[in-house]
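Below is one structure; the comments refer to it alone.
Every chain is numbered from 1, with letters handed out A, B, ... down the list of sequences.
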Amino acid sequence: MIQGSGDIYEKVMDLAKRRGFIWPTSECYGAVAGFIDYGPLGAMMKRRVENIWRDFYVIQEGYYEIECPTIAQEAVFVASGHVKGFSDKMCQCPHCKEFLRADHVAEGGGVAGAATMANEMLAAAIATCKCLACEEVLGKVEVFNFNLMFKTSIGPGSQRTGYLRPETAQGMFVDFTRLLRFYRDHLPFGAVQIGKSYRNEISPRQGMIRLREFTHAEAEIFVHPDQKDHPKFSRYADYIMPLLTATQQEKNEPAVSFSMQDAVAQRLIANEYVAYYLALTHEMLVKIGIRPDRLRFRQHLCTERAHYAADCWDAEVYSDRFGWVETVGIADRTDYDLAAHARHSGTPMTVFIQYGEPKKVQRRRIVPNMSVLGKQFRTKAKAVFETLATATPTVDGADIDVDGEKIHIPPELFEVRNEIFEVRGEDIVPHVIEPSYGIDRMCYAVLEQAYDEDIADGESRTVLRLTPCVAPVQVAVFPLMNRDGLDTIAMEVTRTLQKKGLLAEYDDSGAIGRRYRRQDEIGTPFAVTIDYQTKDDRTVTIRDRDSMKQVRIAIDRISETICDLVNGSAQFSSL
RNA sequence: GCGCCGAUAGUGUAGUGGUUAUCACUAGGCGUUGCCAACGCCUAAACCCGGGUUCGAGUCCCGGUCGGCGCACCA
């Protein structure tokens with residue numbers, strides 16, 4: 001248990017800074033709010049978290065990872081809606097200098113339709129409203145847009161505007177036609193991306209929780225709009241976890257546990273795809289060391305959900321310091337993104353779905369005699385053909401209206417054909433299921449939950465109880481004494497472990513107890529000690545970080561045993 | 001962005017406007033040490049940044065940066 005009254009956040013961040021997990025960025029010039037550096041151990045731990053994420057999405061789901069630039073041209077974000085919608089209309093109170101959301105001021109002052117007003121109009125409209133902070137009547141103010149995207153220019157001069165991406169998702173959307181081809185033209189398929197995203201937060205606080213540059217891991221799964229049953233749903237059908245539905249939130253009720261199958265059947269979750277990734281996310285977060293009792297899934301209320309989303313859930317992790325923190329978002333974004341990019345770019349973003357049986361469709365077609373009518377109408381011919389195609393002719397011919405001019409086309413100059421077509425399929429715009437992970441928040445949650453202080457031999461001990469699969473250093477190797485050849489054997493053991501791909505740290509400085517404590521503090525789960533008995537019978541001890549117990553094992557089995565312990569296929573208690 | 005508070009070795013700290021800035025832990029070296037922060041000797045290491053007041057500023061004043069809290073913000 002953690003002793004004393006110190007703030008957990010302070011303790012965790014202090015440890016993280018001291019031992020090389022997280023540092024303020026460019027400290028020698030003064031740090032910048034909203035940016036952090038991952039030190040040696042932090043970067044390693046984060047990489048392990050990312051690789052577990054890859055294991056779930058790339059290896060197990062089969063959604064390949066792509067890598068797009070962090071800067072994209074303006075058109076991308078015009079289409080996605082970020083240029084227009086990722087900004088807030090703001091104003092500054094001339095009295096108390098407070099920055100305010102202009103639409104909130106309008107709402108407070110009973111001004112309707114603020115969302116659609118131009119800035120000048122809105123400024124005029126709210127002049128009589130009161131400041132939300134100091135309650136003075138605002139008077140003349142300027143309304144301006146504050147866009148959360150970082151803007152830059154591409155190339156010399158400033159010919160082309162670029163933005164740092166506020167999410168990785170757009171990369172998967174703009175590459176849609178290439179991805180569709182890669183997956184050989186059939187649904188469902190998915191693509192994922194792990195990388196940096198940027199949001200120019202107005203006032204970032206809370207250390208690694210709200211960053212201006214953060215690591216985003218997103219999957220975009222393209223599915224048929226009418227087929228939202230996940231083909232592998234049985235994997236999680238009986239998976240039970242706590243859900244805080246919109247209805248429960250409205251009634252102020254706590255989260256209730258459901259199996260995914262029941263949740264979908266009772267329509268609490270929109271479809272199997274969303275449910276599947278809720279469960280997968282739960283499993284992954286538990287795997288990296290989040291305690292299930294500190295994990296819940298909260299459904300977005302209708303009012304907070306993006307207008308295009310059919311359903312949206314947040315995985316929230318409970319922090320002793322920050323309360324419930326949104327860490328993962330899982331949304332059914334429907335066809336919003338692909339439709340928008342298709343519209344703006346002019347590239348169709350559809351999938352051709354072939355019918356089981358071709359459909360026979362009867363169609364009446366009017367085929368004009370082009371050679372005669374073309375000569376007759378010349379430049380107007382095209383308009384005449386188009387109008388004629390939709391006309392309803394009689395036996396006397398067709399009377400059409402082209403640009404206000406009444407034209408009679410005699411029956412011998414066209415032919416009405418009733419044709420039977422075979423339609424083999426249709427083009428549909430896929431829907432997108434999007435699980436979106438904030439890797440930095442996951443890392444913070446892992447650190448906070450791993451942090452512990454206990455009493456060992458009457459002395460307090462700081463220990464990071466990281467699950468072995470995310471611990472940066474996986475095993476430490478100590479010679480009991482720094483002589484008599486024990487150091488040589490220990491170095492050999494270290495090398496053997498490193499050859500197996502394990503991050504093993506050799507340490508022979510100072511008392512053995514001090515070396516154990518040092519490793520405890522950075523979360524190293526296991527320590528191997530070479531003692532005098534090693535020289536007699538070729539055995540070493542493995543010491544478990546959490547229980548501080550030791551078992552003796554043959555030196556030949558050491559790398560195999562540590563590998564099993566680290567990847568979770570063996571437990572220390574059963575050695 | 002506003003208001004309040006804070007910032008001294010890696011960490012935690014002491015420091016009436018006046019010596020070479022205190023102490024402990026940590027870290028490094030040597031010795032010692034037969035399993036959980038032991039011990040001895042030695043070493044390294046700091047006044048957030050920029051102005052100002054002053055003969056003299058870690059100390060007082062102003063501005064900035066970062067951090068904490070409250071407000072506001074958080075597609």
Side-chain angles (χ1 to χ4, degrees), chain A residues 6-7 9-11 13-15 17-20 23-36 39 77 80-93 95-105 131-134 145-149 166-167 197 199-207 209-212 304-309 321 325-326 329 454-463 478-484 486 508-521 527-535 540-545 547-550 552:
Chain A
D7 178 13
Y9 174 78
E10 301 285 332
K11 289 182 172 193
M13 292 316 286
D14 172 61
L15 169 69
K17 203 196 286 184
R18 215 159 20 83
R19 300 308 306 270
W23 293 325
T25 193
S26 60
E27 226 179 343
C28 66
Y29 290 104
V32 186
F35 295 93
I36 55 164
F77 297 117
S80 69
H82 286 95
V83 168
K84 202 173 172 196
F86 203 59
S87 65
D88 297 324
K89 288 187 193 299
M90 298 190 75
C91 63
Q92 189 175 21
C93 171
H95 312 292
C96 68
K97 309 296 178 199
E98 190 88 278
F99 278 95
L100 307 157
R101 280 274 296 264
D103 54 330
H104 288 186
V105 174
C131 171
L132 298 174
C134 70
N145 288 327
F146 180 80
N147 195 295
L148 258 41
M149 284 195 293
E167 58 179 27
S197 292
R199 296 178 186 187
N200 200 2
E201 299 285 357
I202 295 166
S203 71
R205 290 249 186 106
Q206 311 168 328
I209 299 290
R210 236 173 110 217
L211 293 168
R212 289 184 166 131
E304 64 181 313
R305 199 164 68 200
H307 63 91
Y308 50 83
R321 170 56 175 276
V325 176
E326 173 199 343
D454 64 6
I455 303 292
D457 295 322
E459 298 241 28
S460 96
R461 172 176 85 132
T462 302
V463 51
F478 307 143
L480 182 63
M481 289 295 135
N482 189 5
R483 53 173 156 79
D484 302 326
L486 298 185
D508 64 8
S509 79
I512 187 101
R514 180 180 295 280
R515 287 179 261 163
Y516 285 137
R517 293 293 203 275
R518 262 203 289 260
Q519 295 296 334
D520 289 341
E521 204 179 37
V528 172
T529 300
I530 282 74
D531 57 15
Y532 285 93
Q533 194 181 328
T534 309
K535 293 175 76 170
V540 298
T541 63
I542 300 178
R543 179 253 194 193
D544 176 52
R545 174 196 66 205
S547 63
M548 297 171 66
K549 292 196 172 120
Q550 287 177 284
R552 193 159 273 281

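Picking from B:C35, B:G28, B:U11 the nucleotide with the shortest atom distance to the side chain of A:Ser509 gives B:G28. For A:Thr462, the listed nucleotide lying nearest its side chain is B:A37; candidates were B:C35, B:C36, B:A37. Here B:C35 is the nucleotide among B:C35, B:G34, B:U11 with the atom lying nearest to any side-chain atom of A:Asp531. Of the listed nucleotides (B:C36, B:U33, B:C35), B:C36 has the atom at the smallest distance from the side chain of A:Met548. Checked against B:U33, B:G10, B:C36, the side chain of A:Arg18 finds its nearest nucleotide in B:G10.
When rounded to the nearest whole Å, the span between CD of A:Glu521 and P of B:A37 equals 14 Å. When the P atom of B:G34 is taken as reference, atom CD of A:Gln550 falls 16 Å away, rounded to whole Å. If you take CD of A:Glu326 and C1' of B:A75, they are 12 Å apart, rounded to a whole angstrom. The distance from atom CG of A:Asp484 to atom C1' of B:G34 is 10 Å, rounded to the nearest whole Å. As rounded to whole Å, 16 Å separates atom P of B:U33 from atom CG of A:Asp508. Atom P of nucleotide B:C49 and atom CD of A:Glu27 are separated by 13 Å, given to the nearest angstrom. A straight line from NZ of A:Lys17 to P of B:A27 spans 19 Å, rounded to a whole angstrom. For the pair A:Arg543 CZ and B:C35 C1', the interatomic distance rounds to 10 Å; values are reported in whole Å.
Not a single donor-acceptor contact under 3.5 angstrom links the side-chain atoms of A:Tyr29 to the base of B:C49. Taking only distance into account, the side chain of A:Arg210 meets the base of B:C73 through a donor-acceptor pair shorter than 3.5 Å. Contact annotation: side chain of A:Asp457 to base of B:C36, donor-acceptor pair absent below 3.5 Å.
Across all strands shown, A:Ile512 has heavy atoms under 4.0 Å from sugar-phosphate atoms exclusively, and none from any base. Residue A:Arg517 is classed as a base contact, given a heavy-atom separation below 4.0 Å to a base. Within 4.0 Å (heavy atoms only), A:Arg515 reaches no atom of the nucleic acid at all. If you check every strand for non-hydrogen atoms under 4.0 Å, A:Asp520 touches nothing.
Comparing the P positions of B:C60 and B:G15 gives a spacing of 12 Å, expressed to the nearest Å. Separating the P atom of B:A57 from that of B:C47 is a span of 16 Å, rounded to the nearest Å. Taking the P atom of each, B:C61 and B:C73 are spaced 34 Å apart, rounded to whole Å. Comparing the P positions of B:U13 and B:G29 gives a spacing of 28 Å, expressed to the nearest Å. Atom P of B:C48 sits at a distance of 15 Å from the matching atom of B:A21, rounded to the whole Å. Comparing the same atom, C1', in B:C69 and in B:U11 gives a spacing of 23 Å after rounding to whole Å. For the C1' atoms, the distance linking B:G6 with B:G58 amounts to 15 Å, nearest Å. Here the separation of B:G12 from B:A45, taken at their C1' atoms, is 15 Å to the nearest Å.
Distance check: A:Thr462 OG1 to A:Arg19 CZ gives 10.0 Å after rounding to the nearest 0.5 Å. For the atom pair A:Leu148 CG and A:Asn200 CG, the distance stands at 6.5 Å (nearest 0.5 Å).
Nearest heavy atom pair, residue A:Trp23 against residue A:Gly39, reads CZ3-CA, 3.7 Å. Residues A:Glu201 and A:Leu211 approach most closely at CG-O, 4.1 Å, considering heavy atoms. Closest heavy-atom contact between A:Asn147 and A:Val83: ND2-O, 3.1 Å. Taking each heavy atom of A:Asp484 and A:Lys535 in turn, the nearest pair found is O-NZ, 2.6 Å. Annotation for A:Leu480 and A:Asp531: closest pair CD2-CB, 3.8 Å, computed over non-hydrogen atoms. The two residues A:Ile512 and A:Pro479 come nearest to each other via the heavy atoms CD1-O, 4.4 Å.
A side-chain donor from one of A:Arg518 and A:Ser509 sits under 3.5 Å from a side-chain acceptor of the other.
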Pull out every protein N or O sitting under 3.5 Å from an N or O of nucleotides 38-47 of chain B, one pair per line with the distance.
unit_1	atom_1	unit_2	atom_2	d
B:A38	OP1	A:Arg514	NH2	2.6

Please list, pair by pair, any protein nitrogen or oxygen found under 3.5 Å from a nitrogen or oxygen in nucleotides 66-70 of chain B.
unit_1	atom_1	unit_2	atom_2	d
B:C66	OP1	A:Ala33	N	3.3
B:G68	O3'	A:Arg321	NH2	2.8
B:C69	OP1	A:Arg321	NE	3.3
B:C69	OP1	A:Arg321	NH2	2.3
B:C69	N4	A:Arg205	NH2	3.0
B:G70	O6	A:Arg205	NH2	2.7

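Shown here are the side chain to side chain contact (heavy atoms under 4.5 Å, CB included) partners of A:Ala31, two or more places apart in sequence or in another chain: A:Pro24. Listed by chain and residue number, A:Ala456, A:Arg461, A:Arg517, A:Arg543 satisfy the side chain to side chain contact (heavy atoms under 4.5 Å, CB included) test with A:Met548 (two or more places apart in sequence, or in another chain). Not counting sequence neighbours, the partners of A:Pro166 by the side chain to side chain contact (heavy atoms under 4.5 Å, CB included) test are A:Phe77, A:His82, A:Phe86, A:Met149, A:Arg199.
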note = Each base of RNA chain B marked ( ) or [ ] if paired in-strand (Watson-Crick or G-U under 3.5 Å), | if paired to another strand and . if unpaired gives (((((((..(((.....[....))).(((((.......)))))....(((((..]....))))))))))))....
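In this pair, A:Tyr532 lays its aromatic ring flat on the base of B:G34, centres within 5.5 Å and planes under 30 degrees apart.
If A:Thr529 and A:Glu167 are placed on RNA chain B by their nearest nucleotide, the residue sitting closer to the 5' end is A:Thr529. In this structure, A:Arg518 and A:Asp544 both approach RNA chain B, and ranking their closest nucleotides by distance from the 5' end singles out A:Arg518.
Under the salt bridge (charged side-chain N to carboxylate O under 4.0 Å, His left out) test applied with A:Asp14, the options A:Arg18, A:Lys11, A:Lys17 reduce to a single match, A:Arg18.
For the pair A:Arg205 (side chain) and A:Arg210 (backbone), a donor-acceptor distance under 3.5 Å is absent.
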